[in-house]
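Every number for a ligand or one of its atoms is a count from 1 in the order of the listing.
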Amino acid sequence: MAIQLSDTSLLRTECYVDGKWVSAQSGKVFSVENPSTTAQVAACPEFDVADTEAAIVVAQNAFKTYRKTTPRARSKLLRRWYDLMMENVDDLARIITAENGKPLADAVTEVKYAASFLEWFSEEAPRIYGDTIQASNPDCRLVTIKEPVGVCGLIAPWNFPAAMITRKAGPALAAGCTTVIKAPAEAPFSALALAELAHRAGIPAGVVNVITALDNTPAVGLSMTTHPSIKKVSFTGSTPVGKLLMKQCSSTLKKLSFELGGNAPFIVFEDADLDVAVRGLVASKFRITGQTCVCANRILVHRSVYDAFIQKVLDVVRTFEIGDGLGEKTTHGPLIHGRAVAKPLAHLGPNFFDITVLADMKPGMKICTEETFGPVAAFFAFDTEQEAIDLANDSDVGLAGYFFSKNASRCWRVAEALEVGMVGVNVGAISDPAAPFGGVKQSGFGREGSKYGIDEFLTTKMIMTGIDPQ
Ligand SMILES: NC(=O)c1ccc[n+]([C@@H]2O[C@H](COP(=O)([O-])OP(=O)(O)OC[C@H]3O[C@@H](n4cnc5c(N)ncnc54)[C@H](O)[C@@H]3O)[C@@H](O)[C@H]2O)c1
Ligand SMILES: N[C@@H](CC=O)C(=O)O
């Protein structure tokens with residue numbers, strides 16, 4: 001086996017539908033490579049439209065009974081799934097490192113982060129509330145109740161192959177929804193391992209279905225976004241694919257949450273603690289070798305501290321060790337595949353690629369207008385607070401933004417002025433199951449995690465009751 005696991009049955013190479021492990025009806029499979037070594041990790045099924053529709057029908061049937069389970073019962077299922085993840089942290093991390101390339105320590109962090117969404121939503125499941133409202137008509141009584149939206153199509157990316165699944169499946173199951181989960185083709189085995197643990201946790205057949213596809217992805221995606229039984233699509237990925245999926249979903253007007261690309265500004269003011277800001281930048285910019293949607297992408301530094309700050313950043317990045325995620329000294333792994341390498345290369349020019357620090361960037365450069373999704377730190381100098389805000393907001397997308405300052409009034413001013421869904425003030429790591437994660441502008445809409453995350457999988461039903469006034 002390409003991955004050394006204590007529990008070898010966690011490496012599943014079939015899809016999980018209706019509580020069973022199944023191949024594609026065509027028998028086709030696709031191969032998944034370890035990005036560090038290019039060796040095959042394993043192969044998994046190339047699902048097509050018929051396979052996908054069969055999974056959707058299964059989820060639709062399961063919804064009829066699962067929606068009626070008590071919130072406490074759903075809570076216990078999620079808690080059991082969480083416990084099993086925590087009991088298998090090392091194996092799950094090894095699967096992530098093999099298919100994604102991130103260092104093992106980062107993979108362990110991801111597994112715990114991923115599990116935390118199951119824990120969080122196990123606690124939210126019994127806390128779904130409606131309202132009582134004073135009706136305009138004195139002879140009527142008005143309440144709202146919350147209901148699960150129905151079968152959910154969950155489409156997740158490869159950069160957090162466990163956490164991006166649990167951040168969607170946790171609230172969906174807590175709300176009483178059933179799911180068809182399209183695992184990322186680059187890194188499908190984490191999702192399949194999670195399905196194995198969902199099975200062991202006793203989650204009823206048909207509630208969690210995990211499917212895989214590579215070449216058939218557009219057709220499978222079309223099926224998930226147009227099938228009338230799917231009532232909700234939650235997608236994390238790029239803005240162009242998000243736009244395509246939204247268009248497809250319009251044919252049946254599905255409820256949507258889209259977590260799309262970012263282009264995060266990272267502002268260092270002249271009154272910042274530079275060492276804190278360097279730690280924040282390293283956490284934000286270079287996490288998973290720059291491949292997170294909330295990575296700092298445009299680093300704006302006040303001219304008076306510009307040189308000193310860059311020097312401090314250089315001192316840290318020179319200690320990085322790039323290598324195989326299993327390497328003991330590795331701090332940063334490879335990019336996911338050749339196509340991912342192409343993007344930083346396009347931003348830099350050919351034949352140049354490594355952990356890279358670029359000074360004196362100017363607005364309008366490609367690196368300023370597009371998300372790099374690689375380990376390239378691009379620095380811009382600014383002179384005034386307003387100039388920094390204007391530069392930061394000069395983007396079509398608005399996911400995360402960061403700034404560093406010790407001035408409390410400036411902290412409120414800038415936090416309110418940034419056109420983003422999430423702000424880190426004097427901190428570079430903002431991911432937290434308790435925090436609402438999501439963007440504005442073309443970074444999408446909807447929130448994941450937090451008390452808001454479950455609303456994305458619920459509908460509000462109003463019940464007006466007429467009473468006899470006598
Ligand atoms: N906002 C967030 O929370 C968040 C999180 C992670 C990644 N991202 C964004 O994702 C991008 C990087 O990931 P990527 O390059 O893999 O994105 P991508 O949009 O190409 O793919 C994301 C997922 O969607 C699937 N997909 C692609 N085309 C599809 C289609 N036509 N139908 C159905 N599924 C389809 C892919 O197989 C993959 O699983 C970056 O832009 C990043 O910012 C955003
Ligand atoms: N990095 C995000 C996910 C997007 O890439 C997170 O921390 O949840």
Side-chain angles (χ1 to χ4, degrees), residues 30 47 49 52 100 102 106 109-110 113-114 116-117 153-168 180-188 190-191 210-226 230 233-249 257-264 283-285 287-297 335-337 339-340 342-343 370-374 397-400 420-422 424 428-433 435-450 453:
F30 65 92
F47 259 36
V49 170
T52 306
N100 168 286
K102 68 178 72 174
D106 288 336
T109 303
E110 180 186 343
Y113 176 53
S116 74
F117 288 105
L154 311 180
I155 304 176
W158 45 266
N159 61 347
F160 290 84
M164 295 303 99
I165 304 277
T166 55
R167 195 159 79 177
K168 297 178 189 307
V180 176
I181 301 170
K182 156 84 173 60
E186 296 85 350
S190 297
V210 179
I211 65 173
T212 59
L214 174 63
D215 293 341
N216 290 341
T217 288
V220 166
L222 184 63
S223 170
M224 291 176 73
T225 49
T226 53
I230 297 243
V233 170
S234 175
F235 169 70
T236 294
S238 64
T239 295
V241 173
K243 287 180 182 175
L244 172 72
L245 298 183
M246 187 167 177
K247 201 171 179 180
Q248 293 173 180
C249 285
S257 340
F258 281 180
E259 304 282 352
L260 308 177
N263 182 353
S284 168
K285 174 67 251 179
R287 180 170 168 228
I288 322 302
T289 318
Q291 300 172 102
T292 92
C293 53
V294 289
C295 277
N297 206 57
L335 297 187
I336 186 75
H337 44 43
R339 294 187 307 287
K343 205 165 178 197
E370 282 182 15
E371 176 188 38
T372 300
F373 233 60
V397 293
L399 191 59
V420 293
M422 298 171 282
I430 55 171
S431 303
D432 181 336
F437 194 103
V440 298
K441 299 186 182 172
Q442 294 187 34
S443 290
F445 38 77
R447 292 295 178 267
E448 293 191 327
S450 83

Go through ligand 2 atom by atom and flag the ones less than 4.0 Å from a non-hydrogen atom of Cys293.
-> 2 (C), 3 (C), 4 (C), 5 (O)
Of all the heavy atoms in Phe437, does at least one lie under 4.0 Å from an atom in ligand 1?
-> yes
Going by the order shown, which atoms of ligand 1 are within less than 4.0 Å of some heavy atom of Pro184?
-> 39 (O)
For atom 35 (C) of ligand 1, the protein heavy atom that lies nearest, with its residue and separation | Thr217 CG2, 3.3 Å
Side-chain heavy-atom pair Leu260, Val397 within 4.5 angstrom cut-off | no
For Phe160, is the NZ or CZ atom of Lys102 found under 6.0 angstrom from the centre of its six-membered ring and inside 45 degrees of the ring axis?
-> yes
Among all protein heavy atoms, pick out the one at the shortest distance from atom 33 (C) of ligand 1; state its residue, atom name and that distance to 0.1 Å.
-> Gly221 CA, 3.4 Å
Considering only the protein, which heavy-atom contact is closest to atom 41 (O) of ligand 1, and what is its distance?
-> Glu371 OE1, 2.8 Å
Flag Gly237 as yes when one of its N or O atoms lies below 3.5 Å from any N or O atom of ligand 1, and as no otherwise.
-> yes
Under a 4.5 Å cut-off applied to non-hydrogen side-chain atoms, are Ile336 and Asn159 in contact?
-> no
Any non-hydrogen atom of Gly439 lying under 4.0 Å from ligand 1?
-> no
Glu448 vs Thr236 side-chain heavy atoms within contact, under 4.5 Å = yes
Assess Arg287 for proximity to ligand 2: is some non-hydrogen atom of it under 4.0 Å away?
-> yes
Shortest protein contact, atom 1 (N) of ligand 1 (heavy atom only) | Leu260 O, 2.7 Å
Among all protein heavy atoms, pick the one closest to atom 39 (O) of ligand 1 and tell me residue, atom and distance.
-> Ala156 O, 2.7 Å
side-chain contact (heavy atoms from CB on, under 4.5 Å) evaluation trace for Met224 with Leu245 | CA-CA 9 Å; Met224 291 176 73; Leu245 298 183; over 6 Å; no
Of the listed options Gly446, Ser443, Cys293, Gly262, closest to atom 2 (C) of ligand 1 (non-hydrogen atoms) | Cys293
For atom 2 (C) of ligand 2, which protein heavy atom lies nearest, and how many Å away is it?
-> Phe437 CZ, 3.6 Å
Short version for Pro240: what comes under 4.0 Å of ligand 1, heavy atoms counted, is neither
Less than 3.5 Å between some nitrogen or oxygen of Gln291 and one of ligand 2, yes or no?
-> no
Contact partition for Thr292 relative to ligand 2, non-hydrogen atoms under 4.0 Å = both
Heavy atom of the protein closest to atom 12 (C) of ligand 1 (residue, atom name, distance) | Phe373 CE2, 3.5 Å
Can Phe437 and Cys293 be said to form a side-chain contact (heavy atoms from CB on, under 4.5 Å), step by step?
-> CA-CA 11 Å; Phe437 194 103; Cys293 53; 3.9 Å; yes
Pairwise distance NZ(Lys441) to CG(Leu399) - rounded to 0.5 angstrom | 11.5 Å
For Pro188 against Ala183, the heavy-atom pair lying closest together = CA-CB, 4.0 Å
Can you tell if the side chain of Ser190 reaches within under 4.5 Å of the side chain of Glu110, non-hydrogen atoms only?
-> no
Which is it for Leu399 and ligand 1 at heavy atoms under 4.0 Å: side chain, backbone, both or neither?
-> side chain
Nearest to atom 6 (C) of ligand 2, what protein heavy atom do you find, and at what distance?
-> Ser431 OG, 3.3 Å
Decide yes or no for Lys182 and Thr217: does some side-chain heavy atom of the first lie under 4.5 Å from some side-chain heavy atom of the second?
-> yes
A student checking ligand 1 against Leu244 at a 4.0 Å heavy-atom cut-off should list atoms 31 (N)
Logged contact type for Ile155 with ligand 1, heavy-atom cut-off 4.0 Å, is side chain
Please state which part of Thr236 comes within less than 4.0 Å of ligand 2, counting heavy atoms only: side chain, backbone, both or neither.
-> neither
Run the contact test for Phe235 against ligand 1 with a 4.0 Å cut-off on heavy atoms, strictly below, and give the result.
-> yes
Does the side chain of Val233 reach to within under 4.5 Å of the side chain of Phe258, using non-hydrogen atoms?
-> yes
Which ligand 2 atoms are under 4.0 Å away from a heavy-atom of Val294?
-> 1 (N)
d(Tyr113 OH, Arg167 CZ) to nearest 0.5 Å is 4.5 Å
Backbone of Ala219 reached by a side-chain donor or acceptor of Ser223 within 3.5 Å | no
Hey, is atom 21 (O) of ligand 1 touched by any protein heavy atom at less than 4.0 Å?
-> no
Geometric N/O contact Met164 with ligand 1, under 3.5 angstrom | no
Identity and separation of the nearest protein heavy atom to atom 27 (C) of ligand 1 | Val241 CG1, 3.8 Å
At under 4.0 Å between heavy atoms, what of Asn159 touches ligand 1? The answer is side chain
Number the atoms of ligand 2 from 1 as they appear, then name those within less than 4.0 Å of a heavy atom of Met164, with their elements.
-> 3 (C), 8 (O)
Taking only heavy atoms of Pro218 into account, list the atoms of ligand 1 that are under 4.0 Å away from them.
-> 31 (N)
Part of Thr239 within contact of ligand 1 (heavy atoms, under 4.0 Å) | neither
Just let me know how Thr236 lines up against ligand 1, side chain, backbone, both or neither, with a heavy-atom cut-off below 4.0 Å.
-> both
Heavy atom under 4.0 Å from ligand 1: found in Lys182's side chain, backbone, both, or neither?
-> side chain
Heavy-atom gap Arg167 to ligand 1 smaller than 4.0 Å = yes
Less than 4.5 Å apart, any side-chain heavy atom of Asn100 and any of Ile288?
-> yes
Looking only at non-hydrogen atoms, find the nearest pair between Ala400 and Val294 and report the distance.
-> CB-CG1, 3.7 Å
What is the distance from atom CG of Leu154 to atom CE of Met164, rounded to the nearest 0.5 Å?
-> 12.5 Å
A student comparing Ala183, Ala163, Ser238 should find that the heavy atom closest to atom 18 (P) of ligand 1 comes from Ser238
Between CG on residue Asn263 and CG on residue Asn297, distance to nearest 0.5 Å | 4.5 Å
Atom NZ of Lys247 and atom OG1 of Thr225: how far apart are they, to the nearest 0.5 Å?
-> 12.0 Å
Would you call the rings of His337 and Trp158 parallel, tilted or perpendicular if under 30° counts as parallel and over 60° as perpendicular?
-> tilted
Do you see a donor-acceptor pair shorter than 3.5 Å between the side chains of Gln442 and Lys243?
-> yes
Ser238 side, atom OG; Glu371 side, atom CD - distance, nearest 0.5 Å | 8.5 Å
Check Leu245 against ligand 1 and report side chain, backbone, both or neither, counting heavy atoms closer than 4.0 Å.
-> side chain
Atom 15 (O) of ligand 1 has as its nearest protein heavy atom Trp158 NE1, 3.9 Å
